[in-house]
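Report on the following structure.
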Amino acid sequence: MKLLVIGSGGREHALAWKLAQSDKVEIVFVAPGNAGTAAEKKLCNINLSDHQQLIQFCIEQEITFTLVGPEAPLAAGIVDDFTAAGLAIFGPSQYCAQLESSKDFAKAFMHQHSIPTAAYATFTDATAAHQYVAQKGAPIVIKADGLAAGKGVTVAMTLDEAHQAIDSMLMDNSMGSAGARVVIEDYLQGEEASFIVLVDGEHVLPMASSQDHKRLLDNDKGPNTGGMGAYSPAPAVTPAVHQRVMEEIILPVVRGMQAAGHPYRGFLYAGLMIDATGAPYTIEFNCRFGDPETQPIMCRLQTDLVDLIVAALAGKLDTTQAVWSEETAVGVVLAAAGYPQISRRGDSIEGLEAANQIGKVFHAGTTNHPDKKLIVSGGRVLCVVGMGKNVADAQKQAYLALAPIHFKGMQYRHDIAAKALNK
Ligand code: AMP
Ligand code: GLY
């Protein structure tokens with residue numbers, strides 16, 4: 001069969017790479033892909049993004065199914081458009097994707113279905129927002145309502161920071177229309193984890209647990225990013241936590257969407273805060289796989305990913321299982337100079353061949369310069385995954401693998417998975 005993956009990041013490289021390992025697959029097209037997907041066996045980049053052009057391509061190529069990586073096309077209704085054209089596509093509809101594309105929608109949905117999450121209020125008026133935080137006190141969390149590529153959240157430890165974030169979003173328009181409405185919510189404490197599942201409209205198949213590292217610098221310092229590294233499994237997700245997340249968060253979403261007449265199909269990602277008693281709270285929903293969580297998780301998946309997606313498209317996840325490697329996988333993101341503000345582009349990247357002998361290098365912000373040199377073309381450039389029989393070994397492998405890689409201004413965290421070491 002021929003497949004299509006939509007997206008250009010490390011997540012899409014990992015998903016397409018995994019799909020291509022299936023004997024059933026002849027070729028996986030990636031739209032638009034990156035220099036990593038361009039170099040991979042059985043993968044082929046195509047430079048299309050318009051929905052109608054993609055639909056035309058799928059019809060001409062007789063694509064068996066399309067898998068959508070990022071949130072933007074989901075929020076733009078790509079699944080609705082493909083479905084209307086009679087094409088198989090795996091991802092949530094535009095309606096369901098509001099769980100990610102509008103924080104206000106997600107909070108109201110959680111409230112309606114008694115899903116545990118921080119108390120909140122939504123504002124478009126800056127004066128009212130200032131009054132609310134003055135009354136609530138710090139720490140407090142200010143979030144742009146719309147999509148902001150992981151950069152729309154200010155965890156304000158002081159009232160000053162909170163007032164500044166409100167002014168920046170509601171008065172200075174710093175996030176554009178995404179920040180024209182803000183959600184202000186209570187500060188939650190605990191350990192974060194990513195809980196990602198496959199949903200077929202009715203049934204749920206959990207993926208392996210993982211933990212992301214959102215801050216730019218070691219020891220969770222510096223600004224929030226799209227994610228600087230991830231590992232799987234995450235010891236914070238104990239069997240008891242797993243069961244509570246399924247019962248209190250995931251299944252209520254699936255049933256709530258069914259009841260609303262919009263069955264949820266696709267990957268569903270709950271960003272969790274697990275408190276000291278083991279109670280899980282929802283920080284956010286994403287309507288897709290995580291990036292960089294996908295990279296280590298796909299390295300541990302032993303089941304044919306094509307079989308999982310085909311089962312999900314057929315509504316048969318209740319009779320489907322996923323087998324995971326017993327090994328731990330640790331993925332470290334290598335980011336460009338200036339990330340997450342303004343990333344410098346054009347620096348040439350060296351050392352990938354040596355790195356790939358030790359671990360697996362997934363590309364994100366890379367492109368091939370006309371003279372064939374590999375260059376930086378985005379904020380998060382690469383994600384290097386190491387595997388090992390425990391966290392310490394996997395971590396060691398990941399850092400050994402990235403050691404030969406070099407580009408000017410390369411930034412990475414030195415402590416990915418450190419939190420799991422003493423568990
Ligand atoms: P989000 O984009 O909503 O996932 O938020 C980005 C990051 O901000 C999360 O991964 C958390 O580290 C932090 N964060 C978001 N909401 C809260 C909250 N209510 N309490 C504490 N930290 C939060
Ligand atoms: N790694 C966090 C995300 O994908 O949103």
Side-chain angles (χ1 to χ4, degrees), residues 7 9-12 14-15 69-72 74-75 97 99-107 110 116-121 133 136 138-157 161-162 165 169 175 178-179 182-196 207 209-216 219-232 234 236 267-275 280-298 331-333 335 340 362 364 379-380 383 413 416 419:
R11 165 184 47 217
E12 290 76 26
L15 290 169
E71 60 277 18
L74 294 167
L99 278 178
E100 177 168 5
S101 65
S102 167
K103 301 251 188 221
D104 179 52
F105 178 94
K107 294 298 279 191
M110 285 190 266
T117 186
Y120 81 107
V133 300
K136 277 274 181 180
I140 192 149
V141 183
I142 320 292
K143 300 184 172 187
D145 175 59
L147 294 178
K151 291 157 205 161
V153 174
T154 300
V155 179
M157 297 316 287
E161 284 175 80
M169 290 183 208
M175 304 272 156
V182 299
V183 165
I184 302 184
E185 65 176 36
D186 290 0
Y187 174 75
L188 297 171
Q189 264 176 309
E191 184 155 14
E192 286 188 56
S194 306
F195 199 95
I196 301 164
M207 300 285 100
S209 64
S210 59
Q211 193 173 52
D212 185 13
H213 298 62
K214 293 265 165 88
R215 302 294 189 118
L216 180 70
N219 300 314
D220 294 332
K221 298 278 191 296
N224 263 320
T225 70
M228 293 299 291
Y231 63 95
S232 171
F267 296 111
L268 175 64
Y269 169 137
L272 305 176
M273 187 72 85
I274 303 160
D275 78 7
Y281 292 83
T282 316
I283 295 180
E284 62 161 350
F285 286 117
N286 294 319
C287 53
R288 49 168 176 81
F289 225 109
D291 192 344
E293 291 93 329
T294 312
Q295 293 85 316
I297 291 177
M298 283 303 123
V332 182
V333 168
F362 294 106
R380 291 187 292 173
C383 177
R413 280 181 60 158
I416 301 302
K419 269 191 210 146

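Each ligand, and each atom within it, is numbered from 1 in the order the structure gives. Start at 1 with the first residue, then count along the sequence.
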Out of all atoms in ligand 2, which are within 4.0 Å of some heavy atom of [X]? Include the element for each.
X    : value
G226 : 1 (N), 2 (C)
P292 : 1 (N)
K214 : 2 (C)
G290 : 4 (O)
R288 : 3 (C), 4 (O), 5 (O)
E293 : 1 (N), 2 (C), 4 (O)

Would you call [X] and [Y] a side-chain contact if the rule is heavy atoms closer than 4.5 Å?
X    : Y    : result
P70  : R11  : yes
R215 : M228 : no
T294 : R288 : no
V141 : V153 : yes
I297 : F289 : yes
E71  : N286 : no
P292 : R380 : yes
E185 : K103 : no

May I ask you to list the atoms of ligand 1 that are less than 4.0 angstrom from any heavy atom of [X]?
X    : result
K214 : 4 (O), 10 (O)
K143 : 3 (O), 15 (C), 16 (N)
E185 : 16 (N), 17 (C), 18 (C), 19 (N)
Y187 : 20 (N), 21 (C)
L188 : 18 (C), 19 (N), 20 (N), 21 (C)

message: Using modelled atom types and a 3.5 Å cut-off, is there a donor and acceptor pairing between side-chain atoms of E100 and backbone atoms of C287?
response: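 Judged by distance alone, yes, a pair lies under 3.5 Å.
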message: Whether the side chain of T282 engages the backbone of E284 through a donor-acceptor N/O pair (distance < 3.5 Å, no angle test) should be reported.
response: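 No, the answer is negative, given that no donor and acceptor are paired below the 3.5 Å cut-off.
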Strictly under 4.0 Å, does any heavy atom of [X] approach an atom of ligand 2?
X    : result
G227 : no
S194 : no
G271 : no

query: Between K103 and ligand 1, does any nitrogen or oxygen pair lie at a separation below 3.5 Å?
result: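 Indeed, backbone or side chain, K103 has an N or O that close.
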Carboxylate-amine/guanidinium proximity below 4.0 Å for R413 and D220: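 Between D220 and R413 there is a salt bridge, with a charged N closer than 4.0 Å to a carboxylate O.
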Which of the listed options, [options], holds the heavy atom that is closest to [atom]?
atom                    : options                : value
atom 6 (C) of ligand 1  : D220, D186, T154, V153 : V153
atom 14 (N) of ligand 1 : V155, I184, V183       : V155
atom 7 (C) of ligand 1  : N286, T117, N224       : N224

Is there any N or O on [X] that sits under 3.5 Å from an N or O of ligand 2?
X    : value
D212 : yes
E284 : no
R11  : no

message: Please report the interatomic distance CD(E293) to CE(M298), rounded to the nearest 0.5 Å.
response: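 The CD atom of E293 sits 11.5 Å away from the CE atom of M298.
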task: Measure the CG-OG distance between D291 and S194 for me, rounded to the nearest 0.5 Å.
output: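 Reported to 0.5 Å precision, the distance equals 11.0 Å.
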message: Please determine whether any non-hydrogen atom of R215 lies less than 4.0 Å from an atom of ligand 1.
response: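 Outside the 4.0 Å threshold, so no.
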